[in-house]
Student: 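There's a structure below that I have some questions on.
Keep in mind that the numbers below use all heavy atoms, side chains included, and drop hydrogens, waters and symmetry copies.
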Number of protein chains: 2
Amino acid sequence: MTTIKDVAKLANVSVGTVSRYINGHRIKEENRRKIEEAIHQLNFKSNPFARGLRTNKTLTVGVLIPRITDIFCTQVIEGIEEVLNPLNYSIVICSANDSPEQQSEKLKYLKSKYVDGMIVMPVNSLELDVEEIVDDGIPVVLIDRLVKNCELDAVVCDNVNGAYSAVEMIINKGHRKIGIIAGPQDIYTAQERLTGYLRALTDYNIEINEDYIVYAEYKKDGGIEALNQLLSLKDKPTAVFTTNYPTTVNSMKVIMEKGLKIGEDISLCGYDQTDLFQMFHPPLSVVVQPCREIGISAAEILLKRMNGDFGGHPQIQRLKTKLITTDSVKRLF
Amino acid sequence: MTTIKDVAKLANVSVGTVSRYINGHRIKEENRRKIEEAIHQLNFKSNPFARGLRTNKTLTVGVLIPRITDIFCTQVIEGIEEVLNPLNYSIVICSANDSPEQQSEKLKYLKSKYVDGMIVMPVNSLELDVEEIVDDGIPVVLIDRLVKNCELDAVVCDNVNGAYSAVEMIINKGHRKIGIIAGPQDIYTAQERLTGYLRALTDYNIEINEDYIVYAEYKKDGGIEALNQLLSLKDKPTAVFTTNYPTTVNSMKVIMEKGLKIGEDISLCGYDQTDLFQMFHPPLSVVVQPCREIGISAAEILLKRMNGDFGGHPQIQRLKTKLITTDSVKRLF
DNA sequence: ATCAAAAATTGAAACGTTTCATTTTCTTCA
DNA sequence: TGAAGAAAATGAAACGTTTCAATTTTTGAT
């Protein structure tokens, strides 16, 4: 193991000078040359422990997400990596497995690992015990979901308008009886999407029918019961808007199992995107979120904070969604 | 920041004793009590840098995968986490973005981060410059794919028999003209799956038709051209076996775009599993890999190595696949 | 009660950096 | 050419652990 001392000796300068070179301070041209030569010759790699011991910096950021197998999350991560990896940051990814308890645990865990900053997608919008972390001066950036009573930087989608545009499209195709599978109202995105739905109906003077609003978990198996409830109404909706990935997938599953045809017997518009959604007949209408961009933005804000720039805190960035319109929502005239 | 010294002072013992307590060595009952009390009172957390500086251990393992958005990879990761997280290991995940160059880079990167061990799913089976890492005594466990000239521990699926069982099923449904979209032959799994295909045909005395064997990249857009090639043959195959997730998805896409119906106009059997595959009409026949178990096994082997137990090296573990049989492969009699 | 052996504790060195008060070297201008 | 000021280099302390030789305490046999 070669150390900075070996380099100093070979280059015939002091360790302090080598350290200054490594950290990008100005040194005499001749010494720079000698040090570079020595580093190369000895294949010197600076020891992160020793550095961390002095600086308390790890060049590591923690990313906490609800679930690692969620395609939304992994696309966000790709965006984060795109920004942070070139700067030599490590990313430690933790999954809360959809559980608030595990979320707490992993938060502590990341703190104990001395990450320089965190990007967190909260499991719900009720609680996030980041106080201790923030008090310690570790910057935290939220993604996708805001949390009550948390004054944190955040990058979210414009869920209100995302939902609004979907429902508007459904209305414009002639539907008036529009069901929604909303999410748990303790989740920020779920609230917003419901708001978008309500606002669209209101703007188009369509009366709101409480029976058409059903709630489901935003988890792996969420939405099955909810859709069944909608379909068992005497006066069934002609179109259903599902508001996240699992409820969309599960609704498709239920509809198909019942032998109904999407876009004919019942219209469906979903949320979040998969290649596969566009391969059904007809392809599925969906609200698409700019996942990668969310990751990029979050990483950039975090970077700014980690560099000590706390201007404009808390900075809340809202990204636009995109609507894919297909025949999965039937034109009624 | 409270240190071991503060604890020692409060508990009225020496730092050495506190250290021994922390590392689980035997100490006098009375001291244990006092130390525990002090640690609790001061909310002491041991500093990973200082420890690492002495021990050169990070309690971190690196996981290098071809692509983070690949569902196969993330399920494997869930398995790894299941084993490693309870033991307080951090997992640093790196994606090679399907590029051998990035793979090399990330490998170096992980090494520079002083991970205690690595789990690597290689981008291909040709090269993996882990020599330097292995020479440094950092244990490496391969998953899913073996690499030429690499004597490493590995957890892989029995791809030969996975493919064999799929092709056998197709044969048993009466098909004789069976196409395969094989993968790049520099990828271990692709080789094996082709072998399984060939072996099944041979065992059932079906002549091998070179025209029915086409190759595709195992990447995001792989398989489109390959399937088109099969479908444009004068004597088209009646069934096609696609040998990984992207080629399966893309084949479905091509078939549907041509207005053909899977299980009627052409039979299809794929590889790897998604919820969505079972929602098509008919659902898709696929070879399913035990992703989570792969992760678990790999983590367990790695753990053993990191604890200094090198018995039975290189240990190569082979897990069985499962076949889901549906009407996407038509019964011909 | 005594002593030898075993067990536990102590305290200081070492790990490889960064940092900072000093010292040395370089630059500029009269 | 010399002096003052600026720039760069020096070297030792400090970061918070672990480890190990030396020391103290405990145990158990006589």
Student: Taking only side-chain nitrogens and oxygens of Asn56(A), does any of them come within less than 4.0 Å of OP1 or OP2 of dC15(D)?
Tutor: no

Student: Looking only at side-chain N and O atoms, does Ser19(A) come under 4.0 Å of OP1 or OP2 in dT17(C)?
Tutor: no

Student: Between dT9(C), dC15(C), dG16(C), which nucleotide has the shortest distance from any of its atoms to the side chain of Lys28(B)?
Tutor: dT9(C)

Student: Could you tell me the separation between the CG atom of Asn47(A) and the P atom of dC15(C), rounded to a whole number of Å?
Tutor: 12 Å

Student: Verify the neighbour count for atom CD of Glu36(A): are there more than 12 heavy atoms of other residues, nucleotides or ligands below 6.0 Å?
Tutor: yes

Student: Between dT10(D) atom C1' and Lys34(A) atom NZ, what is the distance in whole Å?
Tutor: 14 Å

Student: Check whether any side-chain heavy atom of Tyr188(B) lies under 4.5 Å from a side-chain heavy atom of Val156(B), and answer yes or no.
Tutor: yes

Student: Atom CD of residue position Glu82(B) - does it have more than 12 heavy atoms of other residues, nucleotides or ligands inside 6.0 Å?
Tutor: yes

Student: Using whole Å, report how far NE2 of His25(A) lies from P of dT17(C).
Tutor: 16 Å

Student: For a 4.5 angstrom cut-off between non-hydrogen side-chain atoms, does Thr58(A) reach Lys113(A)?
Tutor: no

Student: Closest-nucleotide mapping onto DNA chain C: is Leu53(B) or Gly16(B) further toward the 5' terminus? I mean the 5' end.
Tutor: Gly16(B)

Student: Rounded to the nearest angstrom, tell me the gap between atom CD1 in Ile4(A) and atom P in dG11(D).
Tutor: 14 Å

Student: For dT18(D), take OP1 and OP2 only and decide whether either is under 4.0 Å from a side-chain N or O of Asn23(B).
Tutor: yes

Student: Tell me: NZ of Lys5(B) to P of dA12(C), nearest whole Å?
Tutor: 11 Å

Student: Mark yes or no for a side-chain to base donor-acceptor pair under 3.5 Å between Arg26(B) and dA7(C), with no hydrogen or angle criteria applied.
Tutor: no

Student: Using whole Å, report how far CG of Asn31(B) lies from P of dT10(C).
Tutor: 7 Å

Student: Between Ile22(A) and Ser14(B), which residue's closest nucleotide on DNA chain C lies nearer the 5′ terminus?
Tutor: Ser14(B)

Student: Can you find a donor-acceptor N/O pair under 3.5 angstrom joining the side chain of Arg20(B) to the base of dA8(C)?
Tutor: no

Student: Report yes if a side-chain nitrogen or oxygen of Ser46(A) is closer than 4.0 Å to either non-bridging phosphate oxygen (OP1 or OP2) of dT17(C); otherwise report no.
Tutor: no

Student: Output the rounded distance in Å from CG (Asp6(B)) to P (dT17(D)).
Tutor: 9 Å

Student: How is Tyr21(B) classified with respect to the nucleic acid when contacts are heavy atoms under 4.0 Å: base, sugar-phosphate, or nothing?
Tutor: nothing

